[in-house]
Amino acid sequence: MSLANEHHIPVMKDEVVKFLVYNAEGIIVDSTLGAGGHTKAILESGFRGKVIGLDWDPDAILIANRVLSKYKESVSLHQWNYTRVNDLLDELGIKSVNGFLFDLGISSMQIEDPERGFSYRKDSDLDMRMSKVGRSAKDFLNQASFDELVFVFTEFGEERFSKRIAKKVIDFRKNVKRVETTGELNRIILSCYGIYGRRLKKHPSSRIFQAIRIYLNNEIENLKKGLAEAFRLLKKNGRLVVISYHSLEDRVVKEFIKEKKKEIFSLTKKVVVPAKDEIVINPRARSAKLRAIEKAAGGTV
């Protein structure tokens, strides 16, 4: 991965700092470290505690180490899946923390890296694995049954032409060759839309690429487990901040908050969205939704 992506812009960093840094000291866990932009903003805000940064993408850890090199005494970075944060904190001798941050989805640095195969905009090998282990996107597309393809495209992409696209994928791998590149998958999807696809505001391939990535990386189940673990490990009056980018993620977050309504104070009565100025500078922020809660003093830990 190119280290040019060190200049990745964190989404709603001011809002993250506002809700998360309520004490000058303590421990904050950045569960989705990425290039380290949010952690850097937290440390630059005057926070004198420690940030534990997690990311299951080894490339992200390499970049974040460089971005946060001047803060070595205040950060502890780990290639780690946030669903197992309790194991890591146990290793570090930490029983509870003051705050958790989840900045969900895929980062721009991952999208821009052609070797990762996350984007339909660049023709590259179909991979889409966050941690570079397990089944790749091309393995899935060439091994899955028609029913599995339809399920994934519908459940995780909310794709209206799921059956049509699934049939095209199977026809392609049967009559032409294995589906191996992002360009091939993009052309298959576009062929199912025809002229109609040109009138859409959102690129027709975005939903299918999203669906495959979410499915292969088990993102929805990971999020449910990660939120539950984070809440359990929060101190009384500790805070949880979540930024989501699509309806599936946001639905999980809203359901979690509803489930915990007797144990929390909501810090965001209405969902927080980026200011227009931020969207101009960072178009990726346009779909972001931030929700923040505080663990009630009556809660455990």
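If you're wondering where the values come from, they're calculated on a predicted model, not measured in any experiment. Position 1 is the first residue of the sequence, and the numbers go up from there.
In this view, Y245 satisfies the ring-ring contact (aromatic ring centres under 6.0 Å, His included) rule with no residue, not counting sequence neighbours. Looking at residues two or more places apart in sequence or on another chain, you find a side-chain hydrogen bond (donor to acceptor under 3.5 Å, both in side chains) between N81 and T83. Scanning for salt bridge (Lys or Arg N to Asp or Glu O under 4.0 Å) contacts around D87 gives R84, with sequence neighbours left out. The side-chain hydrogen bond (donor to acceptor under 3.5 Å, both in side chains) search around K260 returns none, not counting sequence neighbours. Under the side-chain hydrogen bond (donor to acceptor under 3.5 Å, both in side chains) criterion, K270 pairs with no residue at all, not counting sequence neighbours. With sequence neighbours excluded, no residue satisfies salt bridge (Lys or Arg N to Asp or Glu O under 4.0 Å) with R286. Partners of E259 under the salt bridge (Lys or Arg N to Asp or Glu O under 4.0 Å) rule, at least two apart in sequence or in another chain, do not exist in this structure. Remark: E159 engages Y193, R207 in a side-chain hydrogen bond (donor to acceptor under 3.5 Å, both in side chains) (not counting sequence neighbours). For R173, there are no salt bridge (Lys or Arg N to Asp or Glu O under 4.0 Å) partners two or more places apart in sequence or in a different chain.
Remark: side-chain polar atoms of H38 are not paired, donor with acceptor, to backbone N or O of V17 under 3.5 angstrom. Panel note: side chain N142, backbone V179; a donor-acceptor pair is recorded below 3.5 Å. Not one N or O on the side chain of E294 forms a donor-acceptor pair closer than 3.5 Å with the backbone of L267. Of the possible donor and acceptor atoms, one in the side chain of K295 sits under 3.5 Å from a partner among the backbone N and O of F231. Without hydrogens or angle criteria, D57 side chain to D59 main chain gives a donor-acceptor distance under 3.5 Å. A donor-acceptor pair is defined here as one N or O able to donate and one able to accept, closer than 3.5 Å; no such pair exists between the side chain of D55 and the backbone of A60. Side-chain atoms of S266 come within 3.5 Å of backbone atoms of T268 as a donor-acceptor pair (strictly under, hydrogens ignored).
The nearest pair of heavy atoms linking V11 to R284 is CG2-NH1, 3.4 Å. Heavy atoms only, all atoms of each residue included: G36 and L68 are closest at O-CD2, 3.7 Å. Across A64 and G34, no two heavy atoms sit closer than the pair CB-O, 3.7 Å. Residues A288 and P274 approach most closely at O-CD, 3.4 Å, considering heavy atoms. Heavy-atom minimum distance, G134 versus R129: O-NH1, 3.0 Å. Minimum interatomic distance between K236 and A297 (heavy atoms only, all atoms of both residues): CD-O, 3.0 Å.
Note that CZ of R164 is 9.0 Å distant from NZ of K168, once rounded to the nearest 0.5 Å. A distance of 12.5 Å separates CD in E15 from CG in L20, rounded to the nearest 0.5 Å. Separation of atoms CD1 (I257) and CD (E263) is listed at 13.0 Å; rounding is to 0.5 Å. Taken from CG in D14 to CE in M12, the straight-line distance is 11.0 Å, to the nearest 0.5 Å. A distance of 11.0 Å separates OG in S162 from CZ in R160, rounded to the nearest 0.5 Å. One distance of note links CG of N86 with CD of E91; it measures 10.5 Å at 0.5 Å rounding.
For the pair D250/R291, a side-chain contact is recorded, criterion being any heavy-atom separation below 4.5 Å from C-beta on. In this structure the side chain of D139 never reaches within 4.5 angstrom of the side chain of L126, judged on heavy atoms. Contact check for L216 versus M130: no side-chain heavy atoms found under the 4.5 Å cut-off. With a 4.5 Å cut-off on side-chain heavy atoms, I52 and V97 do not count as touching. Side-chain contact between D171 and I188 is absent, with no heavy atoms from C-beta onward closer than 4.5 Å. The shortest side-chain heavy-atom distance between L185 and I212 falls under the 4.5 Å cut-off. Within the 4.5 Å cutoff, side-chain heavy atoms of N98 are placed close to those of I27. With a 4.5 Å cut-off on side-chain heavy atoms, Q143 and R135 count as touching.
A side chain to side chain donor-acceptor pair (under 3.5 Å) check over residues 16-37, counting only residues at least two apart or in different chains, returns the pairs D30-T39. Annotation: ring pair (Phe, Tyr, Trp, His ring centres under 6.0 Å) contacts involving residues 49-92, sequence neighbours excluded, comprise Y82-F102. Pairs of residues two or more places apart, or lying in two chains, that qualify as side chain to side chain donor-acceptor pair (under 3.5 Å) and include a residue from residues 174-187 are D123-T181, K177-E184, R178-E180, N186-S205.
In the hydrophobic clustering of this structure, L149 groups with V176; members are Ile, Leu, Val, Met, Phe, Trp, Tyr whose side-chain heavy atoms approach within less than 4.5 Å, directly or through other members. A single hydrophobic cluster is seen to contain both F156 and F146, as judged by linkage of ILVMFWY side chains at heavy-atom distances under 4.5 Å, directly or through other members. Linking ILVMFWY side-chain heavy atoms closer than 4.5 Å, directly or via other members, places V253 and V273 in two distinct hydrophobic clusters. Taken together through direct or relayed side-chain contacts under 4.5 Å among Ile, Leu, Val, Met, Phe, Trp and Tyr, L234 and L89 form part of one hydrophobic cluster. V85 and L92 fall within the same hydrophobic cluster, where Ile, Leu, Val, Met, Phe, Trp and Tyr residues are linked whenever their side-chain heavy atoms come under 4.5 Å apart, directly or through other members.
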Does N217 form a side chain to side chain contact (heavy atoms under 4.5 Å, CB included) with N222? I'd like the steps, not just the answer. CA-CA 8 Å; N217 295 289; N222 282 351; 5.7 Å; no
Set out, in order, the CA-CA distance, both residues' side-chain angles and the distance that settles side chain to side chain contact (heavy atoms under 4.5 Å, CB included) for L290 and F19, then state yes or no. CA-CA 10 Å; L290 183 150; F19 288 115; 3.8 Å; yes
Stepwise, does the side chain to side chain contact (heavy atoms under 4.5 Å, CB included) test hold for F140 with M128? CA-CA 11 Å; F140 162 69; M128 299 198 197; over 6 Å; no
L248 and L223: side chain to side chain contact (heavy atoms under 4.5 Å, CB included), yes or no, with the steps? CA-CA 10 Å; L248 296 179; L223 177 57; over 6 Å; no
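Classification of E221 and K224 as a salt-bridged pair holds, one side-chain N sitting under 4.0 Å from a carboxylate O.
Around the NZ atom of K50, the shell of radius 6.0 Å holds more than 12 heavy atoms that belong to other residues, nucleotides or ligands. Annotation for K138: atom NZ counts as buried by contact number, over 12 foreign heavy atoms lying within 6.0 Å.
Note on ring orientation: taking the six-membered ring where Trp is involved, the planes of Y120 and H203 are parallel (angle under 30°, cut-offs 30° and 60°).
The closest side-chain donor-acceptor pair between S96 and K235 falls under 3.5 angstrom.
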